[in-house]
Amino acid sequence: EAKRTGRARYVVFDPAMRSQVSNSVALENDLRDALAQREMSVVYQPLVDLPGYGLAGMEALVRWHHPVRGAVSPVDFIPLAESCGLIAALGQFVLQEACQAFEKMQRVLGPEAPPSVSVNLSRAQLREPGLVDAVRDALRLANMEPFQLVLEVTESLAAQDALVQSTLQDLRAMGIALSLDDFGTGYSSLACLHELPVHSVKIDRSFVNLLDKSEYHRVLIEATLRVAATLKLGTVAEGIETEAQALQMAAMGCQKAQGYWIAKPLPVNELVSWIQARAIRSGIRE
Ligand code: C2E
Ligand code: MG
Ligand code: MG
Ligand code: MG
C-alpha cells in the first residue's frame, strides 16, 4: 500500500515525521477527553512589586496531567487545542478556575489576597465569538470586578486582524486590564507599542535570562522600560531566577517581577500557604 503511493511519500513523511504525526493525533484524541476526565488543572504563580516584593497579583497557568505521559506542557497542547477546536472549552475552564481561585483567596486571605489574577489568551481564543460573554460569566460567577482580571495576550495584537482588535476593545471597555506577554520575542516591537490597546508589558524571560550576559539585551530591556514609562504602561519582568536579576530589574525601574526565585507556579492551596507564611515572616500578623 505504502509502496504504491510512490517514493514521494517517503520523502514527505520520513519515519520520524510519521511517528510525530501519529503521536500528535493520539495526543489530540486524549485532549478531547482530558477536560471531562478532570486531567486539567490550574496553578498560580505570584507576581510581586519591585523593589519591596509586596504581592502584586498571580498568573493562572494550565496543567495537563496525562494518565500515561505524565505532565504535558501547555507549550505543546495549547497549539493542539487551537487546531482541533478545543481551545474555547479549555479557555473557559481556565477562566472559571482562575476566577474561582481568586474569589477563594479573597475569602481566605482578606486584604492579603492577590489584588488580581492574570489569565493567558491565545490568538485563537481572541477570535472565538463567545469569548467576551465567557469572560463576563466567569467574573459574575466569582463576584469579581473587571479590574481584578488581567488578560495576557501576545504579539497577535499587532497583527492586522479586525476581529481580534474589536474583541480587545470590548474587553478594555468592560474595564479589564490587558497585558502584552512575551515582549521581546516574535514581532512585538518598541515602535508599535503605542498603538496597542494594552495597560502593561511583560518582558519575556529569554531577555531577563540574558540580562547579565548580554549588553544588547540589557540595553533593550532598559529601552523597553523607558518607552513603557513614557506611555504610562505597567512593566513586569518574568522568569526572575536570581536575586541579582530582581535587583537589577528594580534598579532599572521595572515595576513588577515574577519567577522561580520568588515562587514557582503552585496549586491554589499551596499559594495560600505561601502567602500566609510570608505575611508572618514580614510581621504583618504580629
Ligand atoms: P507565559 O504566559 O509566558 O508563562 C510563563 C511561563 O514561564 C510559564 O510556563 C511559567 O511556569 C514559566 N516560568 C515562570 N517563571 C519562570 C522562571 O523563573 N524560570 C523558568 N524557566 N520558567 C519560568 P508554562 O506554565 O509552562 O506555560 C508556558 C506557556 O504556555 C505560557 O507562557 C503561555 O503562553 C501558555 N499557557 C499556559 N497556560 C495557558 C492557558 O491557560 N491558556 C493559554 N492560552 N496559554 C497558556
Ligand atoms: Mg503569560
Ligand atoms: Mg510570559
Ligand atoms: Mg513566555
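Hydrogens, waters and symmetry mates are skipped; everything else that's a heavy atom, side chains included, is used. Note that ligands are numbered from 1 as they come in the structure, with each ligand's atoms numbered from 1 the same way.
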Revision key, fill the gap. For Val94, the atoms of ligand 1 under 4.0 Å from one of its heavy atoms are 41 (O)
Check your understanding: How does Asp181 reach ligand 1, if at all, at less than 4.0 Å between non-hydrogen atoms: by side chain, backbone, both, or neither?
Key -> side chain
Practice item. Ignoring hydrogens, just give me the one of Asp76, Thr185, Leu61 whose non-hydrogen atom is nearest atom 4 (O) of ligand 1. Key: Leu61
Review point. Would you find more than 12 non-hydrogen atoms of other residues, nucleotides or ligands less than 6.0 Å from Lys213 atom NZ?
Key: yes
Check your understanding: For ligand 1, does Ile240 get within less than 4.0 Å through its side chain, its backbone, both, or neither, judged by non-hydrogen atoms?
Key -> backbone
Practice item. Answer side chain, backbone, both or neither: which part of Lys264 comes under 4.0 Å from ligand 1, heavy atoms only. Key: neither
Check your understanding: Hey, quick one: are Tyr216 and Leu225 part of the same hydrophobic cluster, counting side-chain heavy atoms closer than 4.5 Å, chains of contacts allowed?
Key -> yes
**Study point:** Gap between atom OG1 of Thr242 and atom CG of Asp212 - 0.5 Å precision
**Key:** 6.0 Å
Check your understanding: Quick one: which ligand 1 atoms are inside 4.0 Å of a heavy atom on Ser122?
Key -> 44 (N)
Exercise for review: Select one of side chain, backbone, both or neither to describe which atoms of Arg63 lie under 4.0 Å from any atom of ligand 1, heavy atoms only.
Suggested key: side chain
Revision key, fill the gap. The N/O/S atom of Glu59 lying closest to the Mg ion (ligand 2) is OE2
Review point. Roughly how far, to the nearest 0.5 Å, is the CG atom of Leu61 from the CG atom of Leu266?
Key: 10.5 Å
Check your understanding: Which part of Lys202 is near ligand 1, with near meaning a heavy atom under 4.0 Å away: side chain, backbone, both or neither?
Key -> neither
Review point. Does an N or O from Gln125, backbone or side chain, lie closer than 3.5 Å to an N or O of ligand 1?
Key: yes
Check your understanding: Do Val164 and Ile176 belong to the same hydrophobic cluster, where Ile, Leu, Val, Met, Phe, Trp and Tyr are linked whenever their side-chain heavy atoms lie under 4.5 Å apart, directly or via other members?
Key -> yes
Check your understanding: Quick one: which ligand 1 atoms are inside 4.0 Å of a heavy atom on Asp182?
Key -> 3 (O)
Point to revise | Glu238 backbone or side-chain N/O/S under 2.8 Å from the Mg ion (ligand 3) | key: yes
Practice item. State the atoms of ligand 1, each with its element, that fall below the 4.0 Å cut-off from a heavy-atom position in Glu238. Key: 3 (O)
Revision key, fill the gap. Judged by heavy atoms only, the candidate from Leu121, Val208, Asn120 nearest atom 46 (C) of ligand 1 is Asn120
Check your understanding: Do any of the N, O or S atoms of Asp204 sit under 2.8 Å from the Mg ion (ligand 3)?
Key -> no
Review point. Taking the six-membered ring for Trp, are Trp274 and Tyr44 ring centroids under 6.0 Å apart?
Key: no
Practice item. Report, in ascending order of atom number, the atoms of ligand 1 lying under 4.0 Å from any heavy atom of Val75. Key: 28 (C)
Point to revise | Polar contact flag for Ser73 and ligand 1 (N/O pairs, less than 3.5 Å) | key: no
Review point. Shared ILVMFWY cluster between Val236 and Ile221, side chains joined below 4.5 angstrom?
Key: no
Exercise for review: Nearest 0.5 Å please: distance from the CD atom of Gln255 over to the OG1 atom of Thr235.
Suggested key: 4.0 Å
Check your understanding: Taking N or O atoms only and a 3.5 Å limit, does Gln45 qualify as a polar contact for ligand 1?
Key -> yes
Study note, to complete from the structure: In ligand 1, the atoms that come under 4.0 Å of a heavy atom of Glu241 are 17 (C), 18 (O), 19 (N), 20 (C), 21 (N)
Check your understanding: Any chain of hydrophobic side-chain contacts (each under 4.5 Å) joining Leu126 to Leu151?
Key -> yes
Point to revise | Co-membership, hydrophobic cluster, residues Val62 and Leu47, 4.5 Å side-chain | key: no
**Study point:** Side-chain donor-acceptor contact under 3.5 Å, Asp137 with Gln96
**Key:** no
Point to revise | Working for side chain to side chain contact (heavy atoms under 4.5 Å, CB included), residues Thr154 and Leu180 | key: CA-CA 6 Å; Thr154 54; Leu180 183 61; 5.7 Å; no
Check your understanding: Which of the numbered atoms in ligand 1 are below 4.0 angstrom from a heavy atom of Glu59?
Key -> 2 (O), 4 (O)
Practice item. Could you please compute the angle at the Mg ion (ligand 2) from OE1 of Glu152 to OD1 of Asn120, rounded to 10°? Key: 90°
Revision key, fill the gap. Atoms of ligand 1 under 4.0 Å from any heavy atom of Pro265, numbered from 1 in the order shown, are 11 (O)
Check your understanding: What pairs of residues pass the side-chain hydrogen bond (donor to acceptor under 3.5 Å, both in side chains) test when at least one of them lies in residues 219-231, not counting sequence neighbours?
Key -> Arg218-Glu222
Review point. Of all the N, O or S atoms in Asp181, which one sits nearest to the Mg ion (ligand 3)?
Key: OD1
Check your understanding: Looking only at distance, does Val62 have an N or O less than 3.5 Å from an N or O of ligand 1?
Key -> yes
Practice item. Would you tell me whether Ser122 and Gln125 have side-chain atoms, one donor and one acceptor, within less than 3.5 Å of each other? Key: yes
